[in-house]
Structure formats: C-alpha cells, structure tokens
Amino acid sequence: MEISPDATVLYEWRGLRLTATVAYTWLVMALLVLGSWAVTARLSRGERVSRWQVALEVIVSTIRDQIAEVGAETPDRYLPFIGTLFLFIATANVLTIVPGYQPPTGSLSTTAALAICVLIAVPLFSIARRGLGGHLKTYVRPTPLMLPFNVISEASRTLALAIRLYGNVMSGTVIVGILISVAPFFFPVLLQLLGLLTGLVQAYIFAILAMVYIASASRTRRGAAGTGAAERNDRGD
Amino acid sequence: MQIDWLTVAAQIVNFLVLVWLLQRFLYRPITSAMRRREERIESRLAGAREARETAEAEERRLEEKEADLDARADAILASAREEAEELRARLERELREEMEEKRAAWRRHLAEERDALVVSLRRQAGQKVLRIAERVLADYADSDVAERVAGTFTDRLAALDAETRDALAEAAADAGATARVETGHALGTDARRKLTRAIHEELSTDIDVAYSEDPELVMGLRLSIGDYAAEWSAARYLRRLETELGEMIDADTGASGREGDAEDEGAEDDRADDGAADTPDRETERQTR
C-alpha cells in the first residue's frame with residue numbers, strides 16, 4: 001500500500017521523475033486556473049452577474065473577510081498568498097472523492113513546501129511592512145533573552161504546519177485504505193465524507209494559521225501617525 | 001514518512017506559479033469587478049439620494065405653493081362672498097326704498113284722488129243745491145216780483161253810497177252812452193218808467209236807458225253804465241254762497257292733513273273746475289268791477 005504519492009512515479013527522464021504528487025498538483029492548478037479564467041474572462045461589471053461569478057465573488061470576499069478578521073488592515077495585500085493556500089489545499093483535499101486520485105497534500109513534500117513558503121512569507125511581509133531592522137527587532141522582543149525561543153518557535157510552527165496537514169490527509173487516505181480491506185461497504189463512504197470535512201477544515205486551519213503568523217509578525221506597534229503612513233503605503237501598492 | 005527535496009522544490013515553484021496565476025486570473029479581476037460595482041452602486045445610491053432630496057425639496061416647495069394658493073383662493077372667495085353680500089344688501093335696500101317710495105306715492109295718489117273726489121262731490125252737491133234754488137226762484141218769480149225788484153232797485157239806488165253814485169254819474173256824463181238795465185224777467189212799462197225816472201233823478205242826467213233780459217240773473221237787476229255796473233240780484237247771492245261754499249271746502253280739505261304739493265295741485269284743480277263751471281259768472285263779476 002502506497003502511503004505517499006511521492007512513491008508513484010509516472011514518468012522518468014534522465015533522473016528527473018514525474019511523481020504523482022507533482023502531476024496531481026498540476027491537475028489541481030489547472031482546475032483552479034482554468035475555472036477562474038473561464039469565469040473571469042466574461043466578467044460582468046454591471047448588475048447582471050453570472051452565477052459562477054457570484055460564486056467566485058463569494059469565495060474571494062469570504063477569504064478577504066477572514067483575513068480582515070484575523071487582524072490585517074489591508075486584506076488585499078495578503079489575499080493572493082493566503083487565498084491560494086486555502087484554495088489549493090481545499091481543492092486538493094476535496095478531489096479525494098474522485099476515484100484513483102491521490103491528494104498531493106498527502107505528501108510530506110507538498111506540505112513541507114507549503115510550510116516553507118509560509119516560513120519565508122512571514123518575514124518577507126514583515127520586512128515589507130516595517131523594514132528589515134524593524135523585522136529583526138521582533139526576534140528580540142520583549143527581551144533579547146527571547147531570541148532563541150522566537151527562532152525555535154518559528155521553526156517549530158513551520159514543522160507543525162507541515163506535519164499537521166500531512167498527517168491529517170495521509171491518515172484519512174490510510175484509514176480509508178485499511179477500511180476497504182476490512183469492511184469494503186458503507187464504512188469507507190462515511191469516512192470518505194469525514195475526510196472531505198477534515199480536508200476543508202485543514203485547508204482553513206492552514207490558511208488561517210499562516211495569516212495569524214504573518215499578522216502577528218507584521219503587526220505594527222507604532223503610533224497613529226505611523227499607522228496612517230503605513231496605510232498610505234498599502235494603498236500605494 | 002519521507003521528504004523528497006526535489007519534489008519540495010517543485011511544489012514550492014508550483015505553489016508560487018499558482019499564486020501568480022490566481023492573482024492574474026482570479027483575485028485581481030474579481031476584486032476589481034467588485035470594487036467597480038460597489039463604486040457604481042455607491043454612485044447610483046448617491047444619485048438616488050440626491051434625486052430624492054431634490055424631489056423632497058420640490059415637494060416641499062409645491063406644498064408651500066399649494067398652501068399659498070389655497071389661502072389666496074380662500075381670501076378671494078371670502079372677499080367675493082363679502083362683496084356679493086354687500087351688493088345683495090344694497091340692492092335689497094334700494095329695492096325696498098323704491099317700493100316704499102312707490103307705495104307712498106300710490107298712497108298719496110290715492111289720498112289725492114279721494115280728496116279730489118270728496119271736493120268734487122261737495123262742489124257738485126253745492127252747485128246742485130244752487131241750481132235747485134235758482135230754478136225754484138226762477139220758477140216762482142213772476143212779473144210781480146219783477147216790479148218789486150224794480151222798487152227795491154230804486155230804493156237801493158237811492159241808498160247808494162256817495163262814491164259809487166259819483167262814479168256812476170261821472171260815467172254817465174262822460175260817455176253820453178246809454179245805461180243798460182238787465183233783469184231776470186221782463187219788466188212792465190210802469191216799472192221801466194219808474195226805473196228810468198229813478199236813474200235820471202239819482203244820477204241827475206238824461207241818459208238813455210235800454211232794457212234787456214238776462215235769465216242768468218235769476219231774479220234781480222243789473223245796471224251798467226260804461227265800465228261801471230251795479231247789481232242787485234239772486235244770482236249775486238247765489239254766487240257769494242258758492243264762493244263761500246268753495247272756501248269752506250278748500251279749508252276743509254286743507255285741514256284734512258294733505259301735503260303741500262298735493263294740496264297745491266288740488267287747489268289748482270279745484271280752481272280749474274271752478275272756472276270751467278262758472279265762466280259766465282266770472283265774466284259778470286269782472287264786468288261788475
């Protein structure tokens with residue numbers, strides 16, 4: 001029994017292996033991009049709006065609202081990163097109901113890649129927000145004694161992100177696989193349904209946690225004037 | 001549990017590519033479309049709000065105008081009603097005055113007519129009485145009476161006051177004319193002679209005396225020389241009686257409380273009636289004077 005889609009090699013050329021993980025990632029990407037493109041190519045700016053456009057607007061505005069709830073002053077700034085995390089993970093997880101599909105999020109390589117993206121994005125947003133010096137100062141807060149703990153916290157939460165997603169998705173797949181061999185009828189369907197729910201929850205958790213990390217790292221603790229300047233900068237973007 | 005670092009790198013690239021693609025195809029178009037729609041809706045709402053404010057202002061203005069017009073119409077109506085009332089009152093008053101005047105004129109006219117009727121009735125009654133008296137006198141006056149009249153005339157002539165006698169005598173001497181003696185009835189020869197003699201004696205002239213008859217005198221005698229005349233007759237008494245009767249009637253009607261104008265008119269009418277009825281007597285009287 002294959003635990004990870006990394007093990008499934010679809011094509012190999014001169015040492016470069018096209019694993020199922022990458023292939024299904026491309027599938028998910030293609031679905032997302034083509035779906036978006038199909039809708040946004042005929043975007044209506046008037047009052048008559050197609051249902052698909054309404055659906056996409058609902059999704060996008062919900063993500064923005066969630067980002068805003070976490071505490072970001074300018075949701076549009078984080079929307080592409082956080083939104084893509086959520087959409088990619090959710091789509092990858094939901095597609096598990098398609099027979100023969102192996103979720104790329106069930107691969108530790110994928111989740112690690114996403115966690116690394118978050119690991120890099122947090123300081124990047126923080127630096128963009130308050131400069132390199134400002135960002136580096138966050139590691140010595142509230143005292144320089146906290147520096148090692150801050151660093152460890154950064155590394156551990158990245159690891160946690162990766163392992164949490166991987167564990168949940170992988171476990172779902174594994175449990176279904178085991179149940180099919182034990183009780184082939186009915187129970188796997190229930191667990192499949194449970195897996196869909198778990199997948200969406202994991203997507204939500206992953207995206208929200210990433211946003212929380214980014215927000216906590218880039219949250220300004222300056223005065224009102226500084227905040228105003230920052231807002232102006234944001235609008236400039 | 002294994003990590004294929006090559007796959008990790010590929011997934012990182014994949015993820016970044018996906019971020020870029022979704023930003024290109026999903027987030028940007030959707031957010032811009034939403035923003036534009038929101039802006040349009042906002043602008044439309046603002047427009048609607050503005051239109052509503054304009055409409056409300058217009059409504060207020062129209063309401064004010066309507067109220068103003070209502071008030072003006074009410075005022076006009078009230079003034080028109082007042083004018084109409086005034087006009088009605090005035091017309092009514094005028095009509096009433098006119099009616100009152102007409103009624104008063106009619107009453108006056110009625111009273112005048114009644115008075116005139118009364119006057120005329122009295123006058124006619126008086127005249128009838130006179131006529132009856134005249135006729136009775138005329139019927140019962142015979143030659144004897146004429147003779148006695150002549151006698152009476154003679155006595156009267158003798159008893160004339162000096163002034164009249166002088167005037168008669170002067171007239172007789174002046175004219176050399178005849179003295180005319182008119183009597184109600186034919187006189188006998190003796191009576192004529194007696195009379196002629198009395199005239200000659202009293203007036204001391206030899207004037208011719210002509211005799212004629214005038215039934216109007218009823219009974220009695222009239223002597224006229226030139227412009228002067230002396231008369232002793234029943235007609236004269238009757239005339240005086242008539243005059244006195246007329247005066248009494250006039251005084252009576254005058255005392256019955258008629259207004260000045262009407263009284264004057266009535267008096268004139270009376271006189272006219274009088275004149276028409278008594279023309280011959282008048283002439284006689286004028287001659288007498």
Side-chain angles (χ1 to χ4, degrees), chain A residues 3-7 15-19 21-22 25-26 28-30 32-41 43-47 49 53 56-57 59-61 63-64 75-76 79-81 83-85 87-88 104 107-117 120-121 162-163 166-167 170, chain B residues 1-70:
Chain A
I3 291 176
S4 167
D6 284 356
L16 288 176
R17 289 169 297 162
L18 178 63
T19 60
T21 308
V22 176
T25 300
W26 285 350
V28 170
M29 285 168 66
L32 285 174
V33 171
L34 287 176
S36 305
W37 179 76
V39 174
T40 54
L43 211 55
S44 161
R45 282 160 186 168
E47 277 69 33
V49 180
Q53 187 180 338
L56 286 192
E57 285 181 5
I59 290 167
V60 170
S61 60
I63 295 168
R64 285 174 67 189
D76 285 348
L79 177 63
F81 183 70
T84 306
L85 275 178
L87 287 178
F88 175 73
S107 152
L108 191 57
S109 305
T110 308
T111 59
L114 295 178
I116 289 166
C117 284
I120 296 164
I163 300 297
Y166 161 75
M170 183 270 287
Chain B
M1 195 158 119
Q2 54 203 4
I3 291 179
D4 181 3
W5 290 107
L6 193 65
T7 309
V8 168
Q11 289 296 64
I12 289 172
V13 171
N14 281 340
F15 179 74
L16 293 178
V17 167
L18 184 63
V19 168
W20 181 77
L21 283 173
L22 286 185
Q23 168 73 357
R24 168 87 175 68
F25 288 111
L26 181 64
Y27 307 123
R28 198 181 294 155
I30 290 287
T31 51
S32 74
M34 284 166 72
R35 193 171 56 242
R36 281 184 194 167
R37 189 159 62 242
E38 278 168 10
E39 279 168 4
R40 187 171 298 126
I41 287 169
E42 188 57 43
S43 80
R44 287 202 181 173
L45 280 176
R49 212 174 295 128
E50 199 174 314
R52 187 177 184 167
E53 276 167 11
T54 314
E56 279 174 352
E58 184 72 7
E59 193 189 350
R60 271 196 302 280
R61 197 177 64 78
L62 285 176
E63 272 176 1
E64 278 171 14
K65 202 173 177 182
E66 198 184 345
D68 186 39
L69 280 176
D70 276 355

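In the text below, chain A, chain B and the rest are named by the order of the sequence lines, each starting its count at 1.
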With a 4.5 angstrom heavy-atom cut-off, which part of A:T21 approaches chain B: side chain, backbone, both or neither?
both
Any chance CD of B:E56 has more than 12 other-residue heavy atoms, nucleotides or ligands included, within less than 6.0 Å?
yes
Could you tell me if the side chain of B:I12 sits less than 4.5 Å from the side chain of A:C117, heavy atoms only?
yes
Please look at A:I59 and chain B and tell me whether the side chain, the backbone, both or neither of the residue comes under 4.5 angstrom of a heavy atom of that chain.
neither
How long is the span from the CD1 atom in B:I30 to the OG atom in A:S36, to the nearest 0.5 Å?
8.0 Å
A:I116, part contacting chain B, at a heavy-atom distance under 4.5 Å:
side chain
Pairwise side-chain contact, A:D76 with B:Y27, heavy-atom cut-off 4.5 Å (strictly under):
no
Closest non-hydrogen contact found for B:D4 with A:S109 is N-OG, 3.1 Å
Compare every heavy atom of B:F25 with every heavy atom of A:T40, then report the nearest pair and how far apart it is.
OG1-O, 2.8 Å
Is it the case that B:Q11 and A:T25 place a side-chain donor and acceptor less than 3.5 Å from each other?
yes
Between B:L18 and A:M29 the two heavy atoms that sit nearest each other are CD1-CG, 3.6 Å
At a heavy-atom distance under 4.5 Å, which candidate from B:N14, B:L21, B:L16 has the highest pair count against chain A?
B:N14
Please flag which part of A:V60 lies under 4.5 Å from any non-hydrogen atom of chain B: side chain, backbone, both or neither.
side chain
Pairs of heavy atoms under 4.5 Å with chain A: top-ranked of B:A9, B:P29, B:A10
B:P29
Need one label for A:I63: side chain, backbone, both or neither, based on atoms under 4.5 Å from any heavy atom in chain B.
neither
Taking all non-hydrogen atoms of both residues into account, name the closest pair between A:A113 and B:V8 and its distance.
CB-O, 3.4 Å
Is B:W20 in contact with chain A via its backbone, its side chain, both, or neither, using a 4.5 Å heavy-atom distance?
neither
CZ/A:R64 to CE/B:M34 distance, rounded to the nearest 0.5 angstrom?
5.5 Å
